[in-house]
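A, B, ... follow the sequence lines: proteins, then strands. Residue 1 opens every chain. Values reported hereafter were calculated over all heavy atoms of this structure, with side chains retained and with hydrogens, waters and symmetry mates removed.
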Amino acid sequence: MPEIAEVETVRRTLRTQIINKKIKKVTVLYEKMVTPNAELFIKELKNKVIIDILRRGKWLIFDLGQDYLFSHLRMEGKFFLKDQQMPIVKHEHVIITFTDNSELRYHDTRKFGRMLLIPKSENIIETITRQGLEPNDQNLTSKYLYAKLRNKSLAIKSILLDQKIISGLGNIYANEVLYASQINPWRRGKDLTLKECQRIIDASNQIIAQAIELGGTTIKSYTSSLGVTGQFQQYLQVHQREKTNCPNCGSVILRAKLNGRSTYYCPKCQKK
DNA sequence: GTTGACACCTGGACGC
DNA sequence: TGCGTCCAGGTGTCAA
């Protein structure tokens with residue numbers, strides 16, 4: 001599933017492929033995926049040029065001059081650049097045809113992804129994405145996190161998945177960050193100390209930077225556009241490593257549900 | 001304001 | 001082999 005590192009990999013790949021391409025035609029095969037309605041989406045995208053591709057958290061943002069096209073890949077969204085002659089395959093829901101007859105195709109097995117076409121205006125990116133600070137942002141400090149946690153009785157794992165606090169962490173990296181920080185996922189946010197917040201910040205910065213460098217994590221169905229496959233899964237310490245030994249202490253890694261999400265942890269290194 | 005439950009979706013794994 | 005059930009999980013919405 002695409003998290004911040006995977007989305008950044010997609011952004012970097014697409015930037016080399018479609019910058020300055022002009023849109024000739026748009027086809028929407030699953031109307032619920034686009035906002036505003038498909039008719040307007042198709043009409044407004046025609047003749048636009050891809051000026052740049054930005055990212056905010058897990059959102060991809062296509063700069064089209066007067067408009068932004070926001071795209072969230074959710075669980076299994078992928079972009080592929082293909083020739084117009086190639087047959088449309090199952091699960092390709094939005095097809096953007098350029099004037100050079102290449103096509104950017106959005107493929108999403110589970111139809112969770114969403115695209116929004118919105119005119120540029122002040123703070124529109126912040127309004128749409130509603131993101132907190134990203135790992136490696138110099139403003140993401142232990143004091144920032146400590147202040148955010150102060151009144152939260154939610155489990156720290158759930159808080160790390162809240163994009164309004166730290167942007168870009170998903171289930172995989174939340175599991176890895178808490179393991180690296182040696183903090184139990186069920187600890188309440190307000191019970192964490194300033195030092196523990198610093199450990200979370202340090203682990204987030206280190207893990208996300210390494211994951212981006214390695215092209216993200218490829219688990220099950222996820223690959224980025226052009227089939228670029230991430231390598232970070234080789235460095236996962238606990239995620240999807242249930243019943244294997246903890247790399248640190250040798251205890252057996254456990255899996256449990258926390259608010260419906262699979263949570264992997266070492267019972268010895270991450271004591272309550 | 002905070003928190004938890006649920007819906008959205010489909011393919012794969014698993015048990016019978 | 002075929003069928004039914006469960007699971008994966010990011011985000012928005014709604015109710016308590």
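Backbone-only contact: A:Ser153 has heavy atoms under 4.0 Å from sugar-phosphate atoms and none from a base.
Of the listed nucleotides (C:dG12, B:dG11, C:dG9), C:dG9 has the atom at the smallest distance from the side chain of A:Met75. In this structure, of C:dG12, C:dC7, B:dG11, it is C:dC7 that holds the atom nearest to the side chain of A:Arg255. Of the candidates C:dG10, B:dG11, C:dG9, C:dG9 carries the atom nearest the A:His239 side chain, counting heavy atoms from C-beta on.
In this pair, A:His91 and A:His107 present their aromatic rings perpendicular. The plane angle is above 60°, beyond the 30 to 60° band.
Using modelled atom types and a 3.5 Å distance limit, the side chains of A:Asn171 and A:Lys157 yield a donor-acceptor pair. For A:Lys24 and A:Asn101, the side-chain atoms include at least one donor-acceptor pair closer than 3.5 Å. Looking at A:Asn175 and A:His239, their side chains do bring a donor and an acceptor atom within 3.5 Å of each other. Under 3.5 Å, the side chains of A:Lys82 and A:Ser102 contain no donor-acceptor pair of N or O atoms. Between the side chains of A:Ser262 and A:Arg255, a donor-acceptor pair is found at a separation under 3.5 Å. Neither side chain, A:Asp202 nor A:Gln206, offers a donor N or O lying under 3.5 Å from an acceptor on the other.
Not one side-chain nitrogen or oxygen of A:Lys164 sits closer than 4.0 Å to the OP1 or OP2 atom of C:dT11. When the side-chain nitrogen and oxygen atoms of A:His72 are compared with OP1 and OP2 of C:dG10, none of them lie within a distance under 4.0 Å. Between A:Arg261 and C:dG10 there is a side-chain polar atom (N or O) within less than 4.0 angstrom of OP1 or OP2.
For the helix from B:dT2-C:dA16 to B:dC16-C:dG2, the angle separating the two terminal helix axes comes to 50°, with each axis derived from five pairs and the value rounded to 10°.
Across the protein-nucleic acid pair, A:Leu258 atom CG and B:dA5 atom C1' stand 14 Å apart, rounded to whole Å. In this structure, A:Ile156 places its CD1 atom 15 Å from C1' of B:dT3, rounding to the nearest Å. If you measure from atom CZ of A:Arg114 to atom P of C:dT11, you get 13 Å, rounded to the nearest angstrom.
C:dT11 has no base stacking with the ring of A:Phe112 when judged by centroids under 5.5 angstrom apart and an interplanar angle below 30°.
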